[in-house]
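Working notes, structure below.
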Amino acid sequence: MESMTSGTLAGTGSFRCEQCGYVVTLAAADALPDCPGCSGRDFTRASLFGAPRFTRELEPQRDPEEEAARLAEARAEITEPGQYLAFEDGAGMRAVALTREWTRIGRSLAADIRFDDPTVSRRHALVVRQADGVRVLDDRSLNGVFVNGERVEWRALADGDEILVGRYRLSYLDVTSVPAAATTKATPA
């Protein structure tokens with residue numbers, strides 16, 4: 001397909017960023033902007049019949065030791081047994097307890113876990129806690145929900161599963177017991 005750069009009057013339609021795959025939809029008089037997802041400038045016309053729609057470019061493999069250290073850091077912050085979603089939050093790892101039946105993830109102000117980023121839909125994903133287990137559901141997001149690298153509409157979660165929402169990686173943690181050192185650390189003196 002023919003490549004176009006930002007600033008071009010491309011006509012009505014949808015255009016996919018060649019760097020990150022972000023889709024921009026234009027009206028007839030609109031010029032192509034820089035990509036909201038990655039600031040890229042090169043686009044091709046988006047097509048349902050071109051490249052596969054739901055593939056994701058593989059990111060460089062993370063170091064397994066680094067991943068284990070990241071999850072250990074998140075688990076060290078947990079002081080009570082339960083289910084948690086852990087993710088990097090600027091300064092370090094943050095673990096959010098799943099205490100309600102539904103936990104909303106998205107860009108909306110109504111989201112329980114909010115990511116203010118254009119790769120995240122307003123209503124991106126739901127995490128559902130029920131007696132038979134915990135599931136993640138795609139809440140009609142544009143970029144999809146991935147569990148352990150595979151795009152899913154819904155999936156039961158197991159301890160250590162990685163959930164990809166936009167460009168954010170969340171880890172599902174099912175903590176059945178907390179080491180004694182963690183509970184004494186949280187107790188005020």
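In what follows, residues are counted from 1 in the order of the sequence shown.
- Hydrophobic clustering (side-chain heavy atoms under 4.5 Å, transitive across Ile, Leu, Val, Met, Phe, Trp, Tyr) groups Leu170 together with Val134.
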Candidate pair Asp42 and Gln19, rule side chain to side chain contact (heavy atoms under 4.5 Å, CB included), full reasoning:
CA-CA 8 Å; Asp42 297 319; Gln19 270 187 312; over 6 Å; no

Using side chain to side chain contact (heavy atoms under 4.5 Å, CB included), reason through Arg151 and Asp138 one step at a time and then give a plain yes or no.
CA-CA 9 Å; Arg151 185 169 183 157; Asp138 188 334; 4.1 Å; yes

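- Counted by atom type alone, Ser141 and Asn143 present zero donor-acceptor pairs between their side chains at under 3.5 Å.
- Across all non-hydrogen atoms, the minimal contact from Asp174 to Asp159 is N-OD1, 2.7 Å.
- For the residue pair Tyr22 and Pro36, the shortest heavy atom distance occurs at CE2-CG, 3.6 Å.
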Val127/Leu98 under side chain to side chain contact (heavy atoms under 4.5 Å, CB included): CA gap, chis, key distance, verdict:
CA-CA 8 Å; Val127 177; Leu98 301 175; 3.8 Å; yes

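- Residue Arg135 qualifies as enclosed at atom CZ: its count of foreign heavy atoms under 6.0 Å is above 12.
- Between the side chain of Ser121 and the main chain of Arg123, no donor-acceptor pair closer than 3.5 Å is present.
- Under the 3.5 Å distance criterion, the side-chain polar atoms of Asn148 are left unmatched by any main-chain donor or acceptor of Asp161.
- Across all their heavy atoms, Phe87 and Leu85 have their closest contact at CD2-O, 4.1 Å.
- Scanning all heavy atoms of the two residues, the minimum distance from Glu18 to Phe43 falls at OE2-O, 3.7 Å.
- Minimum interatomic distance between Ala74 and Leu173 (heavy atoms only, all atoms of both residues): CB-CD1, 4.0 Å.
- Taking the side chain as every heavy atom from C-beta outward, Leu32 and Phe15 approach each other to under 4.5 Å.
- Note: the hydrophobic cluster containing Val147 does not contain Val128 (ILVMFWY, side chain heavy atoms under 4.5 Å, direct or indirect links).
- By the side-chain hydrogen bond (donor to acceptor under 3.5 Å, both in side chains) test, Ser171 is found to be paired with Arg70, residues two or more places apart in sequence or in another chain being considered.
- A 4.5 Å side-chain heavy-atom check between Pro33 and Val24 finds at least one atom pair inside the cut-off.
- Between Tyr168 and Phe115, the distance separating the two ring centers is shorter than 6.0 angstrom.
- The hydrophobic cluster containing Val120 also contains Ile163, counting ILVMFWY residues as joined when their side-chain heavy atoms lie under 4.5 angstrom apart, directly or transitively.
- Listed here is the closest heavy atom pair of Thr119 and His124: O-CE1, 3.8 Å.
- In this structure, Arg169 and Glu88 have side chains that are not in contact, with every pair of non-hydrogen atoms separated by 4.5 Å or more.
- With sequence neighbours excluded, no residue forms a side-chain hydrogen bond (donor to acceptor under 3.5 Å, both in side chains) with Arg107.
- One finds the CG atom of Leu142 at 11.0 Å from the CZ atom of Arg122 (value rounded to the nearest 0.5 Å).
- Applying the side-chain hydrogen bond (donor to acceptor under 3.5 Å, both in side chains) test to Glu150 and every residue at least two apart in sequence or in another chain returns Arg155.
- There is no path of hydrophobic side-chain contacts, each under 4.5 Å, that joins Val152 to Leu164.
- Under the 4.5 Å side-chain heavy-atom criterion for grouping Ile, Leu, Val, Met, Phe, Trp and Tyr, Tyr84 is not connected to Val136 through any hydrophobic cluster.
- Here the side chain of Asp139 pairs no donor or acceptor atom with the backbone of Leu126 at under 3.5 angstrom.
- Under a cut-off of 6.0 angstrom, the local environment of CD in Glu65 is sparse, with at most 12 non-hydrogen atoms contributed by other residues, nucleotides or ligands.
- Side-chain atoms of Arg114 do not come within 3.5 Å of backbone N or O of Gly106 as any donor-acceptor pair.
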